[in-house]
Amino acid sequence: MKRIYMDNNATTAVRPEVMEAMLPFFREHFGNPSSVHWAGRETGAALEAAREKVARLINCDPAEIVFTSCGSEGDNLAIKGVADARRDRGNHIITTEVEHPAVLAACKFLEKQGFEVTYLPVDEQGMLDVDALEAAITDKTILISVMWANNETGTLFPIEQIGAVARKHKICFHTDAVQAIGRVPVDVEKAQLDLLAISGHKIGAPKGVGALYVRKGVRLTPLIHGGHQERNRRAGTHNLPGIVGLGTACEMASADLQNTADRLRRLRDRLEQGLLAAIPESQVNGHPSQRLPNTLNISFNYIEGEAVLLFLDMQGIAASSGSACMSDSFGQSHVIDAMGVDPMMANSAIRFGLGYDNSEADVDQVLEILPGIVKKLRDMSPFYHERGAAKLTANS
Amino acid sequence: MKRIYMDNNATTAVRPEVMEAMLPFFREHFGNPSSVHWAGRETGAALEAAREKVARLINCDPAEIVFTSCGSEGDNLAIKGVADARRDRGNHIITTEVEHPAVLAACKFLEKQGFEVTYLPVDEQGMLDVDALEAAITDKTILISVMWANNETGTLFPIEQIGAVARKHKICFHTDAVQAIGRVPVDVEKAQLDLLAISGHKIGAPKGVGALYVRKGVRLTPLIHGGHQERNRRAGTHNLPGIVGLGTACEMASADLQNTADRLRRLRDRLEQGLLAAIPESQVNGHPSQRLPNTLNISFNYIEGEAVLLFLDMQGIAASSGSACMSDSFGQSHVIDAMGVDPMMANSAIRFGLGYDNSEADVDQVLEILPGIVKKLRDMSPFYHERGAAKLTANS
Amino acid sequence: MYSDKVIDHFTNPRNVGEIENADGVGEKVSSSCGDRMKVFLKVEDGIIKDIKFQTYGCGAAIASSSMMSEMVVGKTLQEALDLTNDQVADALGGLPAPKLHCSNLAADALHEAIKNYQAAEA
Amino acid sequence: MYSDKVIDHFTNPRNVGEIENADGVGEKVSSSCGDRMKVFLKVEDGIIKDIKFQTYGCGAAIASSSMMSEMVVGKTLQEALDLTNDQVADALGGLPAPKLHCSNLAADALHEAIKNYQAAEA
Ligand SMILES: Cc1ncc(COP(=O)(O)O)c(C=O)c1O
Ligand SMILES: Cc1ncc(COP(=O)(O)O)c(C=O)c1O
């Protein structure tokens, strides 16, 4: 059975070139870059080379990159770090209802510490209203944190417009770009960002490494105090292999961003149109056009998402329902919920996250298999059998 | 030129068996362990198997292990996490003057937040007085954080005695065991510990992974909020390859702890005695017997440590002066300082951290090279040439 | 995550469907996750002759439904009333903790169907 | 971290030692790190004929000492007084930022030695 991996928004395999770049740093060049001897000298240069590659992908100065262990750490460092450093200037934070748990939970924690947080709603396409955001600003607002691309639906927020608003009001602006990076062009200057979090394992680098862009002059309290690594913004011995891998992955993403995006968009659209055509009463969740090129979130009414995933899995197809890290918790996705999707429709939402190595054959395989799965589950579903009756009742 | 690495207290090369264990998890079994599909199922079991191996090395329940990204994160999570969770019970923390910067800087940060911290002194052998520790306890004391083994001198603190004191007074007890783990037996039950931080890259696992033991029932506020990973104590997609590597390294350490310790102690003692015999006016810094078997911190009066390191490096020998992560900062080691060592003696301190793959030939090579280096630097040193005069003056 | 038995029952669920003119019909909705099961019975001489079900829910809910149906065909009504949700989960070789509540539908829906039959008979 | 020039001068420092009956002796102690340099001069007709030094310090301090000594042999006293610490660091191909202060010894100690010579002459 051919395995088809379409859960690249959850995590990606390490790209072969990334693996190759990392390998020498585990056993051969393993020194601590802070050391004076050969083992350290070898790695110091690699550390800074990786920093430059990450900086190039988002158009910042290498000194503005802080290496972290993951996207969640970056989000927490940005949000708690700025909140603590600016506490004397105000206690109000603006974010959205559809952020990743790393942002939402950091904000909930700050609420317990006396901060006030505005969670902006989204419309039925998952889109944010920039005017509403501007209207939420008070003279106590110290931070705006809005994700670049939503992990569940792929909806892209108008980051440049938000950046202009933030700059106009002189408010620090953080974006969680974990899903955006390597998939759409990201430029911290154009977007007038102050902070931006990325994670290696979403773009073919390994798990265990990420980065936070911190604009020069933006002060933030570290999460992890200790040694002087990362200009005192993040202590701990550098994860050299991971950092080298992140550098290589960023370099590769820079090199063919547009090509990959175009190719994945074609595949995604093929999948989307094929499924909508083959399966009645299905719908796409998220914005029709302002969307990551690789992401499709689609619902098939009357059935439950996990059951669909299991049947797909049995045929070797890996997809997900909602955010992977939420799949061990109950209830519906807070993202689909916030869009006001009907609960039964929401419960059947499946996310496909295409990756650079997916092919047209992969898409066709899904198109061949999935309609049958939906049919089988609908045949089993009491709601499906009652739908005629319900409609009759509604019409009578 | 044969390269000899004797800086294993700074960081270690990944052990071949660890590398092999990790490799399949970068590209083959790369799924998110929280996912329901094949790619996730494969990694979920590996995650829990690694957790068990780590737990076995320190004699705790696997559910008490929280995977982190490094030792610094573990120390910060333990100290800030408990401080925040117990704030209502008191604001006093007891630690020592010779802790790693990860502990000291976390405590300094808490002082700014209204906590009071007692930094206990050590004697000239780097040893802590447990009676003084007990005397420092007040009814506001919520946490004792004392390292198991000092990273610069290898001095081993009487952790079991401290554990008994902490338990008697019902105070939460954390230890930074980053240097102790895999080198001396560590048992959280015997030591009556509540928290214990370890780091992968000191024991042949890769950089970018660590663990914090958190005794069942000990509540602590997370540093990194977000997804439900690690029972809500540490968010972020698991660093599977790193975690698998840590598990394997812990398993290997468990398997031949005593053998390795005995072998390294013999090598270390040979190095120590050889240097003391060959180089007049040299001294060992740290405790003569209560010391990590692999560590030698030695001073050669009248010369400066970095110069010694550079000459050693030119002959392929990697050692360090003080803590690697402090080597980019000025001034003497706070550890050697706290022991009351004469400043010029302190300035020449060199740390050798032996590793499992060092041989007797390595030691003999250092014994052949180092006395000449010291002689060359002393010949260059004005202090050395004046020492006779100074002694004459002192005697007159 | 799931045992082989769960996967088997989920992949090839037994007794899916509807019985026209069923002797008893019952259903149960999970309050925690919205899963829903509907049970149809054919009863002869106090024995369950046929059972069909419709289930809306996750893999665990579907597998429990199927397993339950297999466990009670040919059983007396009393035996069926004695069947517990835990026994269904055990027969499946256990379920992951966060999924246990999904197996709490099957015996409950069955009992509703039996009560429905008994009420009609009375 | 260090340039090849630094490594060369550090490994094979020129003019290490002491001049008996030196015409001028000067020294400088770094206030920030305790590094210390002592300079001995032999002067003839206002020209530095010979120079020796003793240095206690890190690689950068030793290399700067050696480089400075090489730069001033055969130079006039005025030329030597015009030499700055920055010029010494530049001649070494630069030094890492945290080590720059270690090169601040060499020209200073030299100037002290010249002043000592000039005071004795006056
Ligand atoms: C005693 C001690 N604690 C903590 C640390 C920090 O570990 P890491 O570099 O993995 O953050 C180190 C290593 O530098 C150490 O030696
Ligand atoms: C939008 C978004 N933010 C943050 C994260 C967290 O990243 P990580 O798992 O690397 O901590 C993720 C990934 O799950 C994500 O999709």
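All values below come from the heavy atoms of this structure, side chains included, with hydrogens, waters and symmetry mates left out. Note on naming: letters A, B, ... go to the chains in the order of the sequence lines (proteins, then strands), and numbering restarts at 1 for each one.
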Side-chain touch B:Asn76/A:His225, heavy atoms, less than 4.5 angstrom: yes
Under 4.5 Å from a heavy atom of chain B, the part of A:Ala39 involved: side chain
Residues, nucleotides or ligands: over 12 heavy atoms within 6.0 Å of B:Arg219 CZ: no
Donor-acceptor contact present, side-chain B:Lys207 to main-chain A:Gly242, <3.5 Å: no
Partner chain A: residue of B:His29, B:His238, B:Lys80, B:Glu28 with the largest heavy-atom pair count (under 4.5 Å): B:Lys80
Where B:Gly236 and A:Ser72 come nearest, the two heavy atoms and their spacing: CA-OG, 3.4 Å
Check: B:Gly316 main-chain N/O paired with A:Trp38 side-chain donor or acceptor under 3.5 Å: yes
Over 12 foreign heavy atoms within 6.0 Å of CD, B:Glu111: yes
Choice from B:Cys70, B:Gly208, B:Ala318 maximising heavy atom contacts with chain A below 4.5 Å: B:Ala318
Contact class of A:Asn239 relative to chain B, heavy atoms under 4.5 angstrom: both
Contacting moiety of A:Met22, where chain B heavy atoms sit under 4.5 Å: side chain
Contacting moiety of A:Asp84, where chain B heavy atoms sit under 4.5 Å: side chain
Interface residue of largest heavy-atom contact number with chain B, from A:Ala319, A:Gly40, A:Cys107, A:Pro241, under 4.5 Å: A:Ala319
Pick from A:Ala106, A:Gly200, A:Ala235 with the largest number of heavy-atom pairs that fall under 4.5 Å of chain B: A:Ala235
Closest non-hydrogen atom pair, A:Pro101 against B:Gly227: CB-N, 3.9 Å
Interface moiety of A:Leu23 toward chain B, non-hydrogen atoms closer than 4.5 Å: side chain
Partner chain A: residue of B:Met314, B:Lys108, B:Gln113, B:His201 with the largest heavy-atom pair count (under 4.5 Å): B:His201
Residues forming a ring-ring contact (aromatic ring centres under 6.0 Å, His included) with B:Phe115, sequence neighbours excluded: none
Check: B:Arg27/A:Thr12 side-chain N/O donor and acceptor closer than 3.5 Å: no
Main-chain N/O of B:Thr11 paired with A:Asn32 side-chain donor or acceptor, under 3.5 Å: no
Sole candidate of B:Phe30, B:Phe25, B:Phe26 that passes side chain to side chain contact (heavy atoms under 4.5 Å, CB included) when paired with A:Val14: B:Phe26
Partner residues of B:Glu48 under the salt bridge (charged side-chain N to carboxylate O under 4.0 Å, His left out) criterion, sequence neighbours left out: B:Arg51
Crowding at NZ, B:Lys2 (>12 non-hydrogen neighbours, <6.0 Å): yes
Heavy-atom check, side chain of B:Ser35 versus side chain of A:Asp7, under 4.5 Å: yes
Side chain / backbone / both / neither for A:Leu223 at chain B, heavy atoms under 4.5 Å: both
Residue part contacting chain B, namely of A:Pro222, when any heavy atom lies under 4.5 Å: backbone
B:Asp313 versus chain A, the contacting section by heavy-atom distance below 4.5 Å: both
A:Arg15 portion near chain B, given a 4.5 angstrom heavy-atom threshold: backbone
